[in-house]
Every structure is written in C-alpha cells, then in structure tokens.
Enquirer: 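Quick one: the structure is below, questions incoming.
Throughout, a chain's letter reflects where its sequence line sits, starting with A, and its residues are numbered from 1.
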Number of protein chains: 2
Amino acid sequence: MLQEIEVNKNYERSADVFKAMGHPARLRMLAALGSGEQCVCELQKLVGLDMSTVSKHLSVLKHAGVVSSRKEGNWAYYRLELECVGRFLTCIERTLSE
Amino acid sequence: MLQEIEVNKNYERSADVFKAMGHPARLRMLAALGSGEQCVCELQKLVGLDMSTVSKHLSVLKHAGVVSSRKEGNWAYYRLELECVGRFLTCIERTLSE
DNA sequence: TGGCTATTTGGCAAAATAGCCAAGCGCCTT
DNA sequence: AAGGCGCTTGGCTATTTTGCCAAATAGCCA
C-alpha cells in the first residue's frame, strides 16, 4: 500500500537526504553504522578510501541529517540518525532482485 | 528498531536508487506517482522544467528501477515500482523535523 | 500526405561531486 | 615542549550532473 504523499511541498531537504545516501561508499558506511556507532578510522578501513575522502563523505551525511557525530579524545564517532535506513535498503534490494 | 544490514555487499545498485531519488524535481514526481501513474506531460506541468529535462529525469528513475513506463498512443505513462518510497519519505520528514 | 502532438535524444555550457595530497587542528603521551 | 595520532579542511583536477535548445521519432487525425 502506498501512503499519502504531498506533492506541493519543498523536497529540497529530503532530496539532500537521498543524495547523501546515493553513493556506494556512503551506503556501506551507513550499513556498518546500522549495528552501532563507529569511529572514522573503522569506517575508513571498511571503504578503503583516503581518510580525508571518508571524512568528507561523513560530512555530507551529517549535513543531510542522516548521521550525527561526537568527539571523544582523538576519535570522532558517527552514529545513524535515520532509523528507517535498514528497512528501506531491504525494500530496495527486494525490488531490485525481482 | 534497526534491521540487520550486510556490510560486505555491493552497494552500487542501491546507491543508484538513492542517487536517482536525490533530486527535488524527481522526488516531487515520485510523490505524484504515489497516487497512480501519470503521463510525462502532467509531470512536466508539476515540476515546471523543460519537457526534455523531465524526460531525462524520468529516464534516470527508470534506469535505477524506481519507475517503469508504458506507451499509449502519443503518451508515455510512468508508474512507481518501488512501493516503499512513501513510507521512507515520511520517515525522513519526521526525522528532519526533530 | 501533411501537420500536430507527446516524447526522446544529441549537444552544449555551467555547476556540482569525488578523489587525492598537503596542511592544519586538537588531544594525548612522553 | 615535542611528537604522534585521528580527523578535518583547503585546494586542485577529473568526472558527472543539470538544464536548456534544437532536432529526431512516432502516433494521431484531417
């Protein structure tokens, strides 16, 4: 069943959320964050990109409101803010595999 | 509640879905398609962009598997394929408004 | 056939994005 | 204080995306 969706609305903010998630590395990091917060160093190992690139990716996600971060000593920990990511990702994969 | 998300997986395809949805005009058209299929001409009036631009936007969505299309006479009708869009959009808006 | 309509495609310029390296910042340890 | 570590920021280039116009395609109707 489809829900009621408003057409006459500003979709800028929501589009930013989608855009933020529209990158394989960012999506993989979000998947990892699904099981709890992670430091940048772990996420960097996961995606195998330059640390600075990872940092910028995370900043995109943070700006869009998908994740939040906290500092602890030298480390920065990122956490998922959008709790429905997993469900939607599952739905996408189910649809794609049809 | 978060679902189990696999980390070691190819997120290229899913990322393409998000990327496709990551544009205000495309998101607005998807919102419209939430209440049933529409011809390109209607969607064009909705977003107010050049017809050719709208056509390209729709082709992005179709390529990603978010919508499908059928031809009938002069018209092309587009339909939503990803049924969870509405739910996710609602979740995003709820999260953004916190 | 010819003209009209709806849509798609090609091509282009402007803007946005992704990746790296180098440099900077703040905290920690010595 | 000095150096190391984790992370972020600045800057650059290469690539991708967006939007328009113009042209092509295809169906409908007189």
Enquirer: Under 3.5 Å for both distances, Watson-Crick or G-U wobble, that's the pair rule; now give the dot-bracket for DNA chain D, with | marking pairs to another strand and [ ] for crossing ones.
Expert: ||||||||||||||||||||||||||||||

Enquirer: Starting from C1' on C:dA15, measure out to NZ on A:K19 and report it in whole angstrom.
Expert: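 After rounding, the gap between these two atoms is 11 Å.
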
Enquirer: Can the ring centroids of B:F18 and A:F88 be said to lie less than 6.0 angstrom from one another?
Expert: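 They qualify: ring centres under 6.0 Å apart.
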
Enquirer: Quick check for you: to the nearest 0.5 Å, what is the distance between B:L96 atom CG and A:D16 atom CG?
Expert: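 These two atoms lie 9.0 Å from each other.
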
Enquirer: Please round to the nearest 0.5 Å and tell me the distance separating atom CE of A:M51 and atom CG of A:L43.
Expert: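 It comes to 9.5 Å.
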
Enquirer: Specify the closest pair of heavy atoms between B:P24 and A:E12, including all atoms of both residues, with the distance to one decimal.
Expert: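 Looking at all heavy atoms of both residues, the closest pair is CG-OE1, 3.5 Å.
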
Enquirer: Any side-chain heavy atom of B:Y11 within less than 4.5 Å of one from A:E93?
Expert: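 A side-chain contact under 4.5 Å exists here.
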
Enquirer: Taking atom CD of B:Q44 and atom CE of B:M29, what is their separation to the nearest 0.5 Å?
Expert: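 It is 10.0 Å, given to the nearest 0.5 Å.
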
Enquirer: Could you tell me how far apart B:H23 (NE2) and C:dA15 (P) are, to the nearest whole angstrom?
Expert: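 Going from NE2 in B:H23 over to P in C:dA15 covers 15 Å.
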
Enquirer: Just by modelled atom types, is the B:S55 backbone N or O under 3.5 Å from a matching donor or acceptor in the B:S59 side chain?
Expert: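 Not confirmed, B:S59 side chain does not pair with B:S55 backbone.
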
Enquirer: Can you give the first and last nucleotides of DNA chain D, 5' to 3', that have an atom under 4.0 Å from a heavy atom of chain B?
Expert: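 So the contact region on DNA chain D extends D:dT17 to D:dC28.
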
Enquirer: Once you round to the nearest 0.5 Å, how far does NE2 of A:H57 lie from CG of A:D50?
Expert: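 Between A:H57 NE2 and A:D50 CG, I get 10.5 Å after rounding to 0.5 Å.
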
Enquirer: At what distance, to the nearest 0.5 angstrom, does CZ of A:R26 lie from CE of A:M21?
Expert: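 So the CZ of A:R26 and the CE of A:M21 are separated by 10.5 Å.
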
Enquirer: Hey, does A:Y77 reach any base, or is it just sugar-phosphate, or nothing, if we go heavy atoms under 4.0 Å?
Expert: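 Nothing, no heavy atom under 4.0 Å.
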
Enquirer: Which value, rounded to the nearest 0.5 Å, describes the distance between B:T95 atom OG1 and A:R13 atom CZ?
Expert: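 Atom-to-atom, B:T95:OG1 and A:R13:CZ are 11.0 Å apart.
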
Enquirer: Quick one, give me the B/S/- string for nucleotides 20-30 of chain C, reading 5' to 3', where B means a protein heavy atom under 4.0 Å from the base and S means that only happens at the primed atoms, P, OP1 or OP2.
Expert: BBB---BBS--

